[in-house]
Amino acid sequence: MQLTRSFFARDTLFVARELIGKRLVKIDAQGRIAGIIVETEAYRGEDDLGCHARAGLTNRTKVMYSLAGYSYIYFTYGKHWLFNIVTESIGYPAAVLIRGLLITEGGQIVAERRNYLPQDHWTDGPAKICQALDLSGIHNGYDLCKNGAVIFVEHFEQSPVKLLGVTTSPRIGLNSVPEPWKSMPWRFVAQI
DNA sequence: GCGACGATGGGCT
DNA sequence: GCCCATCGTCGCA
């Protein structure tokens, strides 16, 4: 069942934690690709110096100020796209970065897009997920909660993977971000 | 206008 | 483990 806007319109830390074990789905011309979310990070507010919204409302960050359940997809390091889902209420900039996925459907398509690397390396990083699901800037600001969405998150009746729990750690890659933001335990990882 | 640098990944040692 | 490509965004002049 497709997650509704009320799921995303909550505290970003809750959403980031509860997205672990949910299923992310993308439907496109090449087929349906799905995977279980196993790693996320929370970014919330202009005060959070690890969050892009520290710069305030700009052309890049404006989608983070919009409706929960929209995608926030941005380009970095001159080559990579990263996929986030907007959270909280309109006007409060926050999002959850999807960092890790276990592919459960569409493996054939993903294998091709990931250059036939070993399956462990298909979607074990945020930019790899965008390669695998073919997500880029054209999908920025997409409503994952609308009827007929081709990108959405759903919960299982019966999960194919047994999750033992969720661990936390500091967010990855915030090397020059000041404390306390650098060390906030806002990364969530599934224990399989 | 312009320079610094990044929520990374792939290739090489 | 280390290096660095590659370019949009932001901050500052």
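No hydrogens, no waters, no symmetry mates; every other heavy atom, side chains included, goes into these values. Here is the naming used below: chain letters follow the sequence lines, and residue numbers restart at 1 for every chain.
Using a 4.0 Å heavy-atom criterion, one finds that A:R60 contacts the sugar-phosphate atoms exclusively. As judged by a 4.0 angstrom heavy-atom cut-off over every strand, A:N175 is placed among residues making no nucleic acid contact.
Base pairing annotation: B:dG11 forms a Watson-Crick or G-U wobble pair with C:dC2, both donor-acceptor distances under 3.5 Å. Across all strands shown, C:dG11 is found opposite B:dC2 as a Watson-Crick or G-U wobble partner, with both distances under 3.5 Å.
In summary, the side chains of A:Q191 and A:T167 do not present any donor paired with an acceptor at a separation below 3.5 Å, with no hydrogens or angles considered. In the model, A:Y65 has no side-chain atom that pairs as donor or acceptor with a side-chain atom of A:E88 under 3.5 Å.
Between A:A34 and A:V25, the shortest heavy-atom contact is CB-CG2, 4.1 Å.
When the C1' atom of C:dT6 is taken as reference, atom OH of A:Y74 falls 16 Å away, rounded to whole Å. Distance, A:L49 CG to B:dG6 C1': 15 Å, rounded to whole Å. One atom, NZ of A:K182, and another, P of B:dA7, lie 13 Å apart when rounded to the nearest Å. As a whole-Å value, the separation of A:L82 CG from C:dC7 C1' is 15 Å. Atom CZ in A:R171 sits roughly 17 Å away from atom C1' in B:dT8 (whole-Å rounding). To the nearest angstrom, P of C:dG11 lies 11 Å from CD of A:E46. Per the geometry, CE belonging to A:M64 stands 13 Å off P belonging to C:dT9, to the nearest Å. If you take CZ of A:F188 and P of B:dA7, they are 19 Å apart, rounded to a whole angstrom.
Among B:dA7, C:dC10, C:dC7, the nucleotide with an atom closest to any side-chain atom of A:F75 is C:dC7. Nearest to the side-chain atoms of A:A127 among the listed nucleotides B:dA7, B:dT8, C:dG11 stands B:dT8. Nearest to the side-chain atoms of A:K128 among the listed nucleotides B:dA7, B:dG10, C:dC10 stands B:dG10. The side chain of A:N84 sits closest to B:dA7 out of C:dC10, C:dT6, B:dA7. Here B:dG9 is the nucleotide among B:dA7, B:dG6, B:dG9 with the atom lying nearest to any side-chain atom of A:H80.
The phosphate of C:dC10 has OP1 or OP2 within less than 4.0 Å of a side-chain N or O from A:T58. In terms of phosphate contacts, A:Q131 brings a side-chain nitrogen or oxygen within less than 4.0 Å of OP1 or OP2 of B:dG10. Between C:dT9 and A:H52, no contact under 4.0 Å exists linking OP1 or OP2 to a side-chain N or O. Taking only side-chain nitrogens and oxygens, A:S176 comes nearer than 4.0 Å to OP1 or OP2 of B:dG6.
A heavy-atom distance below 4.0 Å to DNA chain B is reached by these residues of residues 88-123 of chain A, ordered by number: A:L97, A:R99, A:R114.
Of the residues A:D124, A:T123, A:I33, the one that meets the side chain to side chain contact (heavy atoms under 4.5 Å, CB included) test with A:L101 is A:T123.
Scanning atom types as modelled, no donor and acceptor separated by under 3.5 angstrom connect the side chain of A:Y77 and the base of C:dA5.
In summary, A:K128 and A:E39 do not engage in a salt bridge, as defined by a charged side-chain N under 4.0 Å from a carboxylate O.
Spacing between C:dC4 and B:dA4 at atom C1', rounded to whole Å, works out to 16 Å.
In this structure, A:R171 satisfies the cation-pi test against A:Y43, with its NZ or CZ atom closer than 6.0 Å to the six-membered ring centre and inside 45 degrees of the ring normal. Note that A:R5 lies outside the cation-pi zone of A:F7, set by a 6.0 Å cut-off to the ring centre and a 45° limit from the axis.
Listed for the A:S71 side chain is a donor-acceptor partner under 3.5 Å among the backbone atoms of A:Y142.
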